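Order of the sequence lines sets the chain letters (A, B, ...), proteins ahead of strands, with each chain counted from 1. Being a predicted model, the structure only gives us computed values, none of them experimental.
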2 protein chains.
Amino acid sequence: MHSFDRTDIQLLRALCTEPRSTVVALAQRLGLSRNTVQARMGRLEETGTFLAFDRRINPVALGYPLTAFIEVHVQQKRLARIVDELARIPEIVQAHGMSGPADLLVRVVCRDADDLFRIDGTILACEGVDRTETSLAMGEVIPFRLAPLLDRAARSG
Amino acid sequence: MHSFDRTDIQLLRALCTEPRSTVVALAQRLGLSRNTVQARMGRLEETGTFLAFDRRINPVALGYPLTAFIEVHVQQKRLARIVDELARIPEIVQAHGMSGPADLLVRVVCRDADDLFRIDGTILACEGVDRTETSLAMGEVIPFRLAPLLDRAARSG
DNA sequence: CTTTTGATTGAGCAATGTGCCCTATCCGGG
DNA sequence: CCCGGATAGGGCACATTGCTCAATCAAAAG
């Protein structure tokens, strides 16, 4: 892996508030040389600090205003095959294998309630899926964020 | 809001596989003029198609290898106040208000199991929180993705 | 059918940023 | 004490950006 120092954190933190800023601007703000910032950014990319572009796209703006979480209970021996099958459903934007009562936590986006109902049906139709429990997300009360974590790391790390 | 046409979708889709590509490169690949691509990109940004920079950072690389989902049951009248309080916990990277058995679904990243235990305790300590149910994510079996959705939209839309 | 509106295009231009080079300096670990 | 890694500062060729303008095109409106 790769361990971060305070400078890396500050760099990432600055990008949180000013994602469009250029390397030169970043260097100025942090009081570093352009070379340094460029090198560190390169390293951050190489070491996998940045995720796929997908994550930058807002599903709501895309026309999928509804998000739901579906807990899926499966016959565990068939888990791998089921995951493959679920991966073919485009509305499933993410899925985690879970420890706990449910085996999978699937995150779904959809256009409306009917859409959700249909997708749930598709999941249930997979061989080895025993049961699903659907919960509709009423709102993202805390929007995805890492800034607070970075802030704390910058202060204490 | 704003409605997308096929070109917007193709643009986003192209960026999924080649996030670093320049406007010129994009224009070439899509067979459009640079001006058009630039204009459309601008519109996409303005209309909120892109999310915060946070989402581009990989928590695992950041030193938080564990993700957990915590279902929180609360006294609903105090929901707003509780959310405010939860927002002060940096390890909570996201939270959804839910319809269904649980009131909140909180997404947490942590360094290890002890860390998770501590965070869960912090959540439980909030006034009005009745109960939590923690599930540890064993793995992201389907990594977050919108590409399949975009692909379908490009074909049928 | 004609008009109008908006999107697209090609061209051009100044300013900026990028990628890459090299060297000197600084600091901590061996 | 010396060495390696990181940093700063300078520089250079090139690509990209942001912006403007006029011409073209298509579809919707009159």
Undergrad: How long is the line joining CD of A:Glu46 and C1' of C:dG19, in whole Å?
TA: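 So the CD-C1' distance, A:Glu46 to C:dG19, works out to 14 Å.
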Undergrad: Less than 4.0 angstrom from a charged side-chain N to a carboxylate O is my criterion; do B:Glu45 and B:Arg40 meet it?
TA: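 No, B:Glu45 and B:Arg40 are not salt-bridged.
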Undergrad: Please give, in whole Å, the distance from D:dA15 C1' to B:Gln38 CD?
TA: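 Going from CD in B:Gln38 over to C1' in D:dA15 covers 13 Å.
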Undergrad: Between D:dG10 and A:Arg34, counting only base atoms on the nucleotide and side-chain atoms on the residue, is there a donor-acceptor pair under 3.5 Å?
TA: no
Undergrad: Output the rounded distance in Å from CG (A:Leu11) to P (D:dA6).
TA: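 After rounding, the reported distance stands at 15 Å.
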Undergrad: Charged N to carboxylate O under 4.0 angstrom, B:Arg20 versus B:Glu18?
TA: no
Undergrad: Go nucleotide by nucleotide along DNA chain D from the 5' end; which of B:Ala25 and A:Leu32 gets its closest nucleotide reached first?
TA: A:Leu32
Undergrad: For D:dT16 and B:Thr22 - does any side-chain N or O of the residue sit under 4.0 Å from the phosphate oxygens OP1/OP2?
TA: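 So the side chain of B:Thr22 is within the cut-off, an N or O lying under 4.0 Å from OP1 or OP2 of D:dT16.
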Undergrad: In whole angstroms, how far is the C1' atom of D:dG18 from the CE atom of B:Met41?
TA: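 Roughly 14 Å, once rounded to whole Å.
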Undergrad: Take atom CZ of A:Arg20 and atom C1' of C:dT18, then tell me their distance rounded to the nearest Å.
TA: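 Going from CZ in A:Arg20 over to C1' in C:dT18 covers 15 Å.
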Undergrad: Is a donor-acceptor pair below 3.5 Å formed from side chain B:Arg40 to base C:dG6, judging by atom type as modelled?
TA: no
Undergrad: Assess whether a salt bridge exists between A:Glu140 and A:Arg145, defined as any Lys/Arg side-chain N lying under 4.0 Å from an Asp/Glu carboxylate O.
TA: no
Undergrad: How many whole angstroms separate atom CG of B:Leu26 from atom P of D:dA15?
TA: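 Rounded to the whole Å, the gap is 18 Å.
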Undergrad: Could you give the CZ-to-P distance, from A:Arg43 to C:dG19, as a whole number of Å?
TA: 16 Å
Undergrad: Can a side chain N or O of A:Thr36 be found less than 4.0 Å away from OP1 or OP2 on D:dA8?
TA: yes
Undergrad: Should A:Asp115 and A:Arg118 count as an ion pair when the cut-off is N to O under 4.0 Å?
TA: yes
Undergrad: Rounded to the nearest Å, what distance is computed from the CG atom of residue B:Asn35 to the P atom of nucleotide C:dA11?
TA: 11 Å
